J.: 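This structure is in structure tokens; I'll ask about it shortly.
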Amino acid sequence: MTRLKQRPHLREFDDPEERDRPLPRLLLFLVPFMMLWGGYYIATMDTTADPTLGDGRTRTALMPAVGGGAANGAQLFTTKCAACHQSAGQGVAGVFPPLAASEWVTGSERVLVQILLHGIQGEITVKGVRYNGLMPPWKSLTDEEIAAIATHIRSQWGNGASPVTAATVAAEREATASRSAPWKGESELSALK
Ligand code: HEC
């Protein structure tokens, strides 16, 4: 063995070079392909697909429980109505009419249900004050939910009117099924009574 060969750097192997074992071609194609496919899959994903194919939980199961499954009027009122009519049903002077002691709330249950189903756009007088705003329609809610809200507001804040059943809501919904516009104020609503 010559002295030269004993030099440490000459005993080492050469550093590996990529040329010897290049990245497999297949991988070079596979990785971008999988990323593109992932993007495509997310973009075109059907969010209404059968949940049993996933972890089995339905959209309703993921929503906070409402009074043990049945529609909870108080909770629905807080989430859907209180922003405008206020939590004590007193409304906002001149803008959102009160529900407390309102003749529309404690009066005909049919008219009340119609107000909730289709909303109002036009003049309406509540407790002697004239309003001309926009009350949104709530027909996307179920019969049980509308009945629960109606029953709630008819029994709160000193209101003492009878409960409203889901069957009443179903009948009223059926009777005005072809309607798509809100009620045009109290003239049209009074004609319903
Ligand atoms: C975006 C605000 C808004 C929301 C949310 C809203 N309302 Fe109204 N509501 C109004 C306005 C404004 C009027 C008056 C309509 C008009 O002037 O034409 C009204 C009118 C009413 C009336 C008839 C008048 C009265 O005061 O008695 C009732 C009953 C009523 N709303 C109940 C409800 C209930 C129940 C909910 C929840 C499901 C609800 N509203 C959600 C704005 C709202």
Side-chain angles (χ1 to χ4, degrees), residues 47-48 51 57-193:
T47 49
T48 60
R57 291 178 298 177
T58 60
R59 195 174 292 187
T60 2
L62 291 170
M63 305 223 288
V66 187
N72 180 327
Q75 196 163 34
L76 285 165
F77 176 81
T78 307
T79 54
K80 313 281 183 196
C81 325
C84 293
H85 294 285
Q86 307 300 300
S87 52
Q90 80 274 27
V92 174
V95 191
F96 301 121
L99 301 180
S102 157
E103 61 272 36
W104 296 99
V105 174
T106 55
S108 156
E109 59 173 18
R110 290 189 44 227
V111 174
L112 175 60
V113 168
Q114 288 300 342
I115 290 176
L116 296 184
L117 283 171
H118 300 290
I120 317 169
Q121 185 169 22
E123 286 199 347
I124 184 167
T125 306
V126 185
K127 288 171 79 182
V129 181
R130 193 159 276 267
Y131 295 86
N132 195 349
L134 175 67
M135 157 76 184
W138 296 99
K139 61 177 161 222
S140 57
L141 299 180
T142 65
D143 295 339
E144 288 74 22
E145 288 171 328
I146 292 185
I149 296 174
T151 300
H152 176 75
I153 63 177
R154 277 161 76 87
S155 66
Q156 292 297 303
W157 323 299
N159 292 353
S162 57
V164 175
T165 65
T168 304
V169 179
E172 291 302 315
R173 193 194 289 273
E174 179 72 35
T176 55
S178 59
R179 189 174 185 98
S180 58
W183 297 105
K184 297 186 190 73
E186 71 185 339
S187 48
E188 223 183 356
L189 285 168
S190 303
L192 286 172
K193 281 180 190 167

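Atoms within each ligand, like the ligands themselves, are counted from 1 in listed order. Quick note: residue numbers are just sequence positions, from 1. Excluded from the calculations below are hydrogen atoms, water molecules and symmetry mates; all remaining heavy atoms, backbone and side chain alike, are included. Just so it is clear, the model here is predicted, and its values are computed rather than measured.
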J.: Please find the pair of heavy atoms, one from A100 and one from A88, that lie closest to each other, and give the distance.
T.: CB-O, 4.1 Å
J.: Are P137 and L117 side-chain neighbours, meaning at least one heavy-atom pair lies under 4.5 Å?
T.: no
J.: Quick one about R154 and S162 (side-chain donor to acceptor, distance below 3.5 Å, no hydrogens or angles considered), yes or no?
T.: yes
J.: Which atom pair, heavy atoms only, marks the closest approach of Y131 to P98?
T.: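 Closest approach of Y131 to P98, heavy atoms only: OH-CD, 3.5 Å.
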J.: State, to 0.1 Å, how close T176 and H118 come at their nearest heavy-atom pair, and which atoms those are.
T.: OG1-NE2, 2.8 Å
J.: Write none if no such pair exists; otherwise list each N/O atom of ligand 1 with its protein N/O partner under 3.5 Å and the distance.
T.:
{"from": "ligand 1", "atom 1": "7 (N)", "to": "H85", "atom 2": "NE2", "distance (Å)": "2.8"}
{"from": "ligand 1", "atom 1": "9 (N)", "to": "H85", "atom 2": "NE2", "distance (Å)": "2.8"}
{"from": "ligand 1", "atom 1": "17 (O)", "to": "G122", "atom 2": "O", "distance (Å)": "3.4"}
{"from": "ligand 1", "atom 1": "17 (O)", "to": "N132", "atom 2": "N", "distance (Å)": "3.4"}
{"from": "ligand 1", "atom 1": "17 (O)", "to": "G133", "atom 2": "N", "distance (Å)": "2.7"}
{"from": "ligand 1", "atom 1": "18 (O)", "to": "G122", "atom 2": "N", "distance (Å)": "3.4"}
{"from": "ligand 1", "atom 1": "18 (O)", "to": "G122", "atom 2": "O", "distance (Å)": "2.4"}
{"from": "ligand 1", "atom 1": "18 (O)", "to": "G133", "atom 2": "O", "distance (Å)": "3.2"}
{"from": "ligand 1", "atom 1": "26 (O)", "to": "P98", "atom 2": "O", "distance (Å)": "2.6"}
{"from": "ligand 1", "atom 1": "27 (O)", "to": "S102", "atom 2": "OG", "distance (Å)": "2.5"}
{"from": "ligand 1", "atom 1": "31 (N)", "to": "H85", "atom 2": "NE2", "distance (Å)": "2.9"}
{"from": "ligand 1", "atom 1": "40 (N)", "to": "H85", "atom 2": "NE2", "distance (Å)": "2.8"}

J.: So how far is it from E109 CD to T151 OG1, rounded to the nearest 0.5 Å?
T.: 8.5 Å
